[in-house]
Amino acid sequence: MAPQPVVTGLSPKEGPPGTRVIIRGEFLGTKATDLLGLKICGFDCLLSAEWVSPNKIIARTGPAKGIGDIIVTTRSGGEGISAVQFRALGHHETIGPLKESAVWIDEAPSQNFAWGRRTLVQSGLTPDDPLGLSTEGNEKKNVENLRELFPNASGDLSQENFSPALFLLENHSSTTFADLKAGLNYLNRKVESQKEGQLSFLKSNAGSVIEQLDTLMSIKEKLQADQSQYGTQPLNVLEQEIQSSIKESENIFTDVLLRKEKADSTRAVLLALSRHKFLFCLPNTVEKRALAGEYDMVVNDYARAKSRFGKTEIPIFRKVMEEVDQRILQIRRQLHENVIKMPQSVEQQRKLIKALISLEVQQQTGTSINDKLRNIDPAWDAIDARAKYMEKTFKQTFEQFAGKDAQGGEKSKNRDLTQPPNRVLFCEELCEIAAAQLPDLWRLGQMYFTGELRGPNDPRPGDFKRMVLNAIEKYCVYLKVAICATDAEARSLRQSVGFVWPISHSSHDIFKSWLPQCLRYTRITYATLISLDLPSPALDIVQKFIDETRLQCFSNIFEKATQKCSKLGENELWEMGVEDFPGATLLPQRMEELLIETLDEAQQSCINPEIREGNLMETESDGQREVSLRLQKFLLCFCDVIQELAFESHKEEIPTHNVSQLLGYPNNQQNSTLTSGRFPSFSSSTAVTWEQRMLCCLANCAYCNKSFFHRVGKLFERYGYPLSSLAIETARYSVNKLFSNILDAYVEHKGDPLVGTIEPSMYLGAFQWDAEMNIGQLRPYAHECCDNLVAVYSEIYTISPALLRPILEPIVLTISEELARLMSCVQQFSPTGAVQANVDIRLLREALRLYTNDTGRNYFMEALEAINPPLSNEQIKKADEILDQVKERMKLQLMCFAVKEP
């Protein structure tokens, strides 16, 4: 006896009745006739079973429920076991002639196998392919041609006119001959298995067949007995019952037909509602989508409804379409309001305009309601609204920033000079607005004129051009008003445009230093406009304004440089470094450095033309005349500096922060080494007095007259400016006159004590210790103190090194005492201010340690302790790093103080 069948695999593992399952396992039968039984979830599925191999059976599930085993029974191995289970998902409900149903069930005869077994369902009989081959890649082609070749044939196996040739052409046109031979063998095996199955069926059910024959013989005998008893017509009663049954069945059938007709009517109504659901829901749908901003969907839905129901004669459809038209009319009104509503992006406006035009065009056809709202030109309305909004934004921005200056005029004296004024902020904001909105206006206009957003009317290019020019002119007018730097310009602007910036005269000077910033903002906007390919008249407006601003910026830069030049004397160290002119100081060199810095700044900020800008230095132009005028004022200012150093430095008892007032020293203990010191032209019998400083001024005048002013002219030429001979000659005449005046004058005093410059220099430029500042180097007062001490040291050393300690020690003591006093007067230090003060005091203390007595050291300590709040560890670390850096940079200045025994 063979081993017991074992089911080890199942695919799929769940499904409804009629599911085709593949059963895999071991010992599932040696052949098809060996398979005696197959139960899935307790239901017999032998009739649908197809034995493939001892390891594979294909079957279809029956009307079972729940989870159950797959039991295979074979002749050779008996009833088997299952290692897997199948999950039946419900069952089909059988509907008979007496079962109420909402649908009509077509009656169809069930098909039988050749050997008499009846299938559960029709689909269970027919395999995927009779030859057992895959039909993938064998799509039916040329169906019409095949019908012409086989007019009375069919490729369906179930039909009487089945044609094998047509079947192969329809289902296996691409199958290879080898595969067809394999399919033929498969078909032969299957036929043989069916024949064997018939014989097996008869053998296995021989008892049942004999019982049926016995039953038929019993029926025959009984029939013969009834005929002998009741005559030749024993079926009259039966016939009457049959007739009654027929009548009743007809009544039932009629009732079923009525139900079917009712079901069909209901189904037709539901189908009509389902088919036209789109139309009945359209009024609410378009309204909801309009509220959600889905105007494209509104246009599509309305176009679809118009194409399908626009000309309908059905009353209910016409009524619904009238309601839809009313909703669309409301949406058009809303769209037109949204189109001209600002602010919004160009893409949003474009979307709204296209939707509005589409709805208007669609509503014009077949409806009279369109006459109630006829938009003239929504695209032009959008352009006009955007232009007006831009001008309104310009005006509001001007009023906002100008109002701040008008309200805060009294506080302007206390404002932070490092923060940009409101006029600069206004220029920045206005340029950002123009750079954002002018391109949007231009893009919208281009869409309009290219036809993308054009309405029913002709475009108006002239009006659009005036609109763009007017917007750019307004932009430039507001900028002119904002950058107005003189009262005369303000009066002129008031007469021309009707308004000015509400600001006092003193604020003009503050604003001048910010003018390059405003020019840069304007250039950025100008570059944006150039990229739009605007017409030349529009760009020329901005170019003219930029050229005027560049010239004004140049004037302001040189005016600021002239002011700096007027203060060069404040930091004059009287260092003689001009070889050709002994006694001449580095003051001209510093003026030249300032001039180079000014020219570089002018080149970078305004002189160098950018894209589509003019050349300011053309011959006989306003720019050339302005350059000559500014150079002349600059050189004359330098002459005034020399004059101030020569005639103002000898005034007594007038403490200033000028280094020039700190260089006096006792007129004694002269020695023979004087001739090799700082003033080598002086003899040993003449002390270096304040009058000798006048000689330095005379040397500076001669140097300027002979070569320096000519070098300044060459410097201007090197930077591309035209040579201004008039400015050079005027400056030479002035310096010659000054030279004559200095020879007739003497200096009257030696200056205040060195310590008198500490406090003014400490608070130079409205400096405050409680304000945040940039750190990384010494404050000017510490630099000046060190430099002056070095100068005094060198002068004393030239005369007598022995006088260094007696003279420097009290000076250092006074410095330390003054620092302690000044630090104690400061109520609060900012974090960076505390670090800066610590670095300044510690540098002075360590640099002057050899010339500091105990009292001086105590004063230095008091000055450090007066810093409030005390420094944290992190601040001390930062101060140490800065101190080391400053020492490295100042090692030459501090070197002389490190000599113990000079």
Who passes side chain to side chain donor-acceptor pair (under 3.5 Å) against Asp770, sequence neighbours left out?
none

Determine, for Lys560 against Glu601, whether the closest basic-nitrogen to carboxylate-oxygen distance falls under 4.0 angstrom.
yes

So, Arg327 side chain and Pro283 main chain: donor-acceptor pair closer than 3.5 Å or not?
yes

Between Trp380 and Asp463, is there a side-chain heavy-atom distance shorter than 4.5 Å?
yes

Flag the pair Arg304 and Asp301 as a salt bridge only when some basic side-chain nitrogen lies within less than 4.0 angstrom of an acidic carboxylate oxygen.
no

Rounded distance (nearest 0.5 Å) linking atom CD of Glu399 with atom OG1 of Thr397
9.5 Å

In terms of side-chain geometry, is the basic nitrogen of Glu347 or Arg350 positioned less than 4.0 Å from the acidic oxygen of its partner?
yes

Would you please indicate yes or no on a ring centroid separation below 6.0 angstrom for Phe426 and Trp501?
yes

Backbone N/O of Arg612 and side chain of Tyr526: donor-acceptor pair under 3.5 Å
yes

By side chain to side chain donor-acceptor pair (under 3.5 Å) - contacts of Lys395 (at least two apart):
none

Charged N to carboxylate O under 4.0 angstrom, Arg523 versus Glu613?
yes

What pairs with Tyr478 under ring pair (Phe, Tyr, Trp, His ring centres under 6.0 Å), at least two apart in sequence or on another chain?
Phe398, Phe499

Sorted by chain and number, sequence neighbours left out, side chain to side chain donor-acceptor pair (under 3.5 Å) with Gln400 holds for none

What I want to find out is whether Asp547 reaches Lys544 closely enough, with some N-O distance under 4.0 Å, to be called a salt bridge.
no

Only pairs under 3.5 Å count here: list side-chain donor-acceptor contacts from residues 827-837, not counting sequence neighbours, and write none if there are none.
residue: Ser830; atom: OG; partner: Trp769; partner atom: O; Å: 3.2
residue: Ser830; atom: OG; partner: Ala771; partner atom: O; Å: 2.8
residue: Ser830; atom: OG; partner: Thr832; partner atom: OG1; Å: 3.4
residue: Ser830; atom: OG; partner: Gly833; partner atom: N; Å: 2.9
residue: Thr832; atom: OG1; partner: Glu772; partner atom: OE1; Å: 2.9
residue: Thr832; atom: OG1; partner: Met773; partner atom: N; Å: 3.1
residue: Gln836; atom: NE2; partner: Gln777; partner atom: O; Å: 2.7
residue: Gln836; atom: NE2; partner: Asp840; partner atom: OD1; Å: 3.0

With rounding to the nearest 0.5 Å, note down the distance linking CD1 in Ile882 to CD1 in Ile775.
4.0 Å

Identify, with sequence neighbours excluded, every residue that meets side chain to side chain donor-acceptor pair (under 3.5 Å) alongside Asn470.
Glu391

